[in-house]
There are 2 protein chains.
Amino acid sequence: MVRSRITIYDVASYAGVSHQTVSRVNNQSERVKTETREKVEAAIKELGYNPSRLAQSLVTQKTKTIGLIVADITNPFFFEVARGVQDTALAQEYNVFVCNTDDNPQGEQDVLTLLASQEVDGVILSTASSTDEELLTFAENYKPLVVINRDIDHPKASLVNVDIYKGAKLAVEHLINRGHTHIAMLSHEGHLPDHVRRVHGYKETLEAHDITPNDEWLVLAPPNLMGGYKATQELLSEHPEITAIFTYNDLMAIGAIRGCHDMGVKVPQDCAIMGFDDIKFSAMTQPSLSSISFDKYVVGQKAMQRLFEMFDEPNTTFAPIPLDVKLVIREST
Amino acid sequence: MVRSRITIYDVASYAGVSHQTVSRVNNQSERVKTETREKVEAAIKELGYNPSRLAQSLVTQKTKTIGLIVADITNPFFFEVARGVQDTALAQEYNVFVCNTDDNPQGEQDVLTLLASQEVDGVILSTASSTDEELLTFAENYKPLVVINRDIDHPKASLVNVDIYKGAKLAVEHLINRGHTHIAMLSHEGHLPDHVRRVHGYKETLEAHDITPNDEWLVLAPPNLMGGYKATQELLSEHPEITAIFTYNDLMAIGAIRGCHDMGVKVPQDCAIMGFDDIKFSAMTQPSLSSISFDKYVVGQKAMQRLFEMFDEPNTTFAPIPLDVKLVIREST
DNA sequence: AACAGAAATGTGACCGCTAACATAAACGTG
DNA sequence: CACGTTTATGTTAGCGGTCACATTTCTGTT
């Protein structure tokens, strides 16, 4: 029995005022006599009226909706970010569309167009597949954009950057302090800051300690459990001299631990494993995983807050938001 | 530089036709001469026009948007479901709002109202906090609703049900077959089918094998890593006679494995652990986790497909969609 | 009491589209 | 070639709001 929608006009005639007065009551803070305001509010309650966001959006050109683009919500890193974004958005009655790109450039383009057609007020992007130029084009003729862990230079794009380089440095230094010199790295293919910084941090820290990085010890694989598992097995069977592995993320590290186990390699005695992201599972694995920690929820939160700031001051250019990392030592090293 | 939106009228005058003709071209399949169609399409491309979904929605009363309500996207169970929903939705150019309730009834109500105000075309609900009555009220005066793992009887609500009872039975039978008789269960508080069926399956299977369930061995805790960890430690220190634990979900089980380890209890020799959900991590833990498996992605997929069916045939009442489970035996039992 | 000025309310247009109907063009047929 | 039919295109209204401006009502002042 979907009785047809109650409009502002229904309320108006019920309360004996004009539709505009109802609109004023709805949007608060307009000057309307308390008496009539009460009359209108009563009518609203009586009829069970609530305004159509669609209609509001059409005229105001704001949808109170944002898009969040992630590579894969299935990755604990992304969904903690997503929670941060969602909770912050919800508090201001914004809704968020979460879109997965599956780390595939076409997916990312599709999703951007879809979001464009849905007319979101802004976009938060935490993914790495599209090129910078594509992103710039998007920023150019579109909406405010907050980008996580990338470097792009455009007045309409704002950045939230975790100090990845420092994280990689801390990780490798920790391994070196533990006496390791044969340190491998499992990374994720790609040429974007998020990838590159980890690798740079790894290589440069080794060099700073007079260890020459061995390119054969740097393996690229998909950044998930299975990727880490397989890469570890291949790596260790070809290079048994390796005594420590630093991974792109915790997912790979957890796969790596299991990979070691299945080859009879003891963690951390025979091979130490060091992750990145410090997801919740890492404290519960056996052995528990040392990792580089930062608050993913806060990443999402800050990104959303920045987006709100951009809505309020469309012509301001904002400085990047830096986020610090710290080393968490557990059993795997 | 946001040049103001290109409308259907701009295209119309550029192509020298009426706006309605443009609309016809947009919505395909109308009878319009190929010649003019081409003219219009050229104009569309030339001007870079794309239609405003907002305006379309306002007149058609369809937003091509659905809401997905989950307890916590941070739980791997939910995000695999979410992926199934999203991918299926996207294929038809539907977008989905994911909302978290944090397993809190107020949160769920808030979220339902927010979705109502956003005017989604339908809702998929995979959570358990609101009461059946609240849900019925929602279904009554709202949109098509697909509910996962609950029993509610309303023509506007459709069900997708994983065979939880059978899962619990398989799990407990497996433990019994392994020779266990002192089998505890870690569950999640709540009186809803999703919870109750697991517990029933547990108790009734024990009874079917002439084992009297011991209520002290049934512990309620939050359904996450930490909940499983703590509950296991309390349980085993009070009841060292327990030799097997069946948990509400894999998150708790992974916590339980770690809990055992930290007490010096060997899994599976001293205590077997059996999970439920078969999340991806379960194959990678150490020891790997036996679990009850079902395809969570498919759950989301089916739910979304059902929602589409409900859009197409608003007055049909659909039968619940059943989903089978299977036992996956790994190292923890 | 008369009148200016502020406060409260009402009116019409418009956001960008589709639905329903009206009209014009093209086509066949006796 | 006059006529009804079909097919293609145009016109108008309205979805449910907000905005800008017009109008009315209420103040306070001389």
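In what follows, every chain begins at residue 1, and chains take the letters A, B, ... in the order their sequences are listed.
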- Message: Could you work out, with side-chain contact (heavy atoms from CB on, under 4.5 Å) as the rule, every residue matching S18(B), not counting sequence neighbours?
- Response: Q20(B), T21(B)
- Query: With sequence neighbours excluded, what pairs up with T63(A) under the side-chain hydrogen bond (donor to acceptor under 3.5 Å, both in side chains) test?
  - Reply: D121(A)
- Query: Does T34(B) have any side-chain contact (heavy atoms from CB on, under 4.5 Å) partners at least two apart in sequence or in another chain, and if so, which?
  - Reply: none
- Message: Around atom CG of D312(A), are there more than 12 heavy atoms from other residues, nucleotides or ligands closer than 6.0 Å?
- Response: yes
- Tell me which residues in residues 57-64 of chain B put a heavy atom below 4.0 Å from DNA chain D, sorted by number, or none. L58(B), V59(B), Q61(B)
- Item | Side-chain N or O of N26(A) closer than 4.0 Å to phosphate OP1/OP2 of dG17(D) | no
- Mind checking what makes ring pair (Phe, Tyr, Trp, His ring centres under 6.0 Å) contact with Y297(A), not counting sequence neighbours? none
- Task: Nearest whole angstrom, please: distance from the P of dA8(C) to the NZ of K39(A).
- Result: 14 Å
- Kindly state each residue pair satisfying salt bridge (charged side-chain N to carboxylate O under 4.0 Å, His left out) with at least one member in residues 73-83 of chain A, sequence neighbours excluded. R83(A)-D87(A), R83(A)-D72(B), R83(A)-D102(B)
- Task: Taking E93(B) for its side chain and K64(B) for its backbone only, find out whether a donor-acceptor pair lies under 3.5 Å.
- Result: no
- Over how many whole Å does the gap from L54(B) atom CG to dT18(C) atom C1' extend? 15 Å
- Note on the structure: Taken to the nearest whole Å, CG/L47(A) to C1'/dG16(D) is 15 Å
- Are S23(B) and dC17(C) close enough that a side-chain N or O sits under 4.0 Å from OP1 or OP2? no
- Task: Would you mind reading off the distance between I8(A) atom CD1 and dG10(C) atom P, rounded to a whole angstrom?
- Result: 12 Å
- Take atom CD of E119(A) and atom P of dG16(C), then tell me their distance rounded to the nearest Å. 10 Å
- Message: Report for the helix from dA1(C)-dT30(D) to dG30(C)-dC1(D): angle between first-end and last-end helix axes, five pairs each, rounded to 10 degrees.
- Response: 50°
- Spacing of N27(A) atom CG relative to dC19(D) atom P, expressed in whole Å: 7 Å
- Note on the structure: Applying side-chain contact (heavy atoms from CB on, under 4.5 Å) to A303(A) and not counting sequence neighbours gives I124(A), V146(A), I148(A), V160(A)
- Item | Inter- and intrachain pairs under ring pair (Phe, Tyr, Trp, His ring centres under 6.0 Å), touching residues 82-113 of chain A, at least two apart | Y94(A)-F308(A), Y94(A)-F311(A), F97(A)-F97(B)
- Task: For H154(B), check ring pair (Phe, Tyr, Trp, His ring centres under 6.0 Å) against everything at least two apart and list the hits.
- Result: none
Donor-acceptor list for residues 42-50 of chain A side chains, cut-off 3.5 Å, not counting sequence neighbours:
none

- Note on the structure: Reading nucleotides 7-13 of chain D from 5' to 3' and marking B where a protein heavy atom lies under 4.0 Å of the base, S where only the sugar-phosphate is that close, and - otherwise, the string is BSBBBB-
- Nearest-Å distance, CD1 (I44(A)) to P (dG16(D))? 16 Å
- Message: Measure CZ/R53(A) against P/dT18(D) and give the value in whole Å, please.
- Response: 12 Å
